[in-house]
Amino acid sequence: MPELPEVETIRRTLAPYLPGKVITRVEPRLAKAFRPDPETFLREVTGRKITSLARRGKYLLLSLDNGKKIAIHLRMSGRLLYSENPSPPPKHTTLILHFEGGAELLMEDPRKFGTVHLFAGKDAPPGLTALGPEPEKKKEVLANLRAAGERRKVSVKAVLLDQRVLAGLGNIYTDEALFLAGIDPSRPVNRITPEEWEKLYTAICQVLEEGLSHRGTSRRDYVDGKGEPGTHQDYLRVYGRRDQPCPACGEPVAYKRVAGRGTHYCRICQQ
DNA sequence: AGTCGCCTGGTA
DNA sequence: TACCAGGCGACT
């Protein structure tokens, strides 16, 4: 569910609490979510201390004092919640880490798509290894966008959603960036001009920064690491606003399927 | 490059 | 009842 601004907000809300915590007990509750397997996870994580917390794309990365790392991906409906006074775990709980002193970190995930990957250096999750640059790496991102543009006639939306091109965009912020840049989501990527790539890059940075400043978009599932929703849903220009007036021209916001995803756009402002 | 599968839950 | 959902990998 969460995209870069949401995952980064989760990281920021957890950062004051997790580093330094000793994991006294581990409860992997949804076996299929664990790589390589829940038994290994239990064995390698119990008794370890969390040394740091980072984000890469939509992955949260916990480093442990035995050199191993945990990569958590929340996919569509995952939540990570830190609590110092835990209540009974919700129905769909993937993982609970219990800490010395009684606090816990709980991963809840109704749709059960989320993954928890324990690894050491070499065997990182393939999706993490293949991840493109973070959005702020302007030169690399623009180079990847242009390279994607030379090759094929896929839609520009599909390219923005491709985590190997740049890391962190999902369905919401992709639609928002394409609206800001005035580009039709289904435009073949080989017909984007250099000026438009530049404009699109600027729009991507803008919508991600806005989302982050509002602590994420909470439409259905998303809350931060302390259970607080974000407010960026109140500032979205087109996403989720089907049939409502375009903020620029008043035309009803259109909706169709592009790159396999529900897509919101303005047929007047975006060409 | 598009569609399907993975899952559950909310809403029309 | 049917369709939709902040993702992504495995299929054609």
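Each chain gets a letter, A, B and so on, in the order the sequences are listed, and its residues count up from 1. None of these values were measured; they are calculated from a predicted model.
The distance from atom NZ of A:K256 to atom P of C:dC3 is 21 Å, rounded to the nearest whole Å. In this structure, CZ of A:R79 is placed 16 Å from P of C:dG7, rounded to the nearest angstrom. Look at CZ on A:R261: it is 6 Å from C1' on C:dG7, rounded to the nearest Å. Separating the NZ atom of A:K32 from the P atom of C:dG9 is a distance of 14 Å, rounded to the nearest angstrom. What separates CG of A:D162 from P of C:dA10 is a distance of 14 Å, to the nearest Å. Remark: P of C:dG7 and NZ of A:K157 are 9 Å apart, rounded to the nearest angstrom. The nearest whole Å value for the distance from the OH atom in A:Y255 to the P atom in C:dC4 is 6 Å. Put simply, CZ on A:F113 is 15 Å from P on C:dA10, counting in whole angstrom units.
Using a 4.0 Å heavy-atom criterion, one finds that A:S218 contacts the bases of the nucleic acid, with or without backbone contacts as well. Heavy atoms of A:G127 sit under 4.0 angstrom from primed sugar atoms or phosphate atoms, though from no base atom. Looking at heavy-atom distances under 4.0 Å, A:R164 makes no contact with the nucleic acid at all. Using a 4.0 Å heavy-atom distance criterion, A:G216 is classed as making no nucleic acid contact. Counting any heavy atom pair closer than 4.0 Å across all strands shown, A:G170 reaches sugar-phosphate atoms only and no base atom.
Taking the six-membered ring where the residue is Trp, A:H232 and A:Y235 present parallel rings, their angle staying beneath 30° rather than reaching 60°. In this pair, A:Y17 and A:Y82 present their aromatic rings parallel. The plane angle is below 30°, not in the 30 to 60° band.
Applying the 4.0 Å criterion to OP1 and OP2 of C:dC8, one finds that A:Y59 has every side-chain N and O outside that range. In this structure, A:Q163 reaches the C:dC8 phosphate: one of its side-chain N or O atoms is under 4.0 Å from OP1 or OP2.
Here OG of A:S63 is found 11.5 Å from CG of A:L18. Values are rounded to the nearest 0.5 Å. Going from atom CG of A:D224 over to atom OG1 of A:T9 covers 7.0 Å, rounded to the nearest 0.5 Å. Note that CG of A:L106 and CG of A:L80 are 8.5 Å apart. Values are rounded to the nearest 0.5 Å. Annotation: the span from A:T93 atom OG1 to A:D109 atom CG amounts to 9.5 Å, rounded to 0.5 Å.
C:dC3 and B:dT3: their P atoms are spaced 16 Å apart (whole Å). For the C1' atoms, the distance linking C:dG9 with B:dG9 amounts to 23 Å, nearest Å.
With the nearest nucleotide of DNA chain B identified for both A:R220 and A:A158, A:A158 has the one nearer the 5' end. Place A:P126 and A:H264 on DNA chain C by their nearest nucleotides, and A:H264 ends up nearer the 5' end.
For DNA chain B, the contact window with chain A, defined by any atom under 4.0 Å from a protein heavy atom, covers B:dA1 to B:dG9 in 5' to 3' order.
Taking only distance into account, the side chain of A:R219 never meets the base of C:dA5 through a donor-acceptor pair shorter than 3.5 Å.
Under 4.0 Å is where a charged nitrogen must lie from a carboxylate oxygen, and between A:E104 and A:K21 no such pair does. Here A:E210 pairs with A:R237 in a salt bridge; the nearest charged N to carboxylate O distance falls below 4.0 Å. Under 4.0 Å is where a charged nitrogen must lie from a carboxylate oxygen, and between A:E196 and A:R191 no such pair does.
For the salt bridge (Lys or Arg N to Asp or Glu O under 4.0 Å) test, residues two or more places apart in sequence or in another chain that qualify with A:D162 are A:R164.
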Dot-bracket for DNA chain B, 5' to 3', counting Watson-Crick or G-U wobble pairs under 3.5 Å, with [ ] for crossing pairs and | for inter-strand pairs?
-> ||||||.|||||

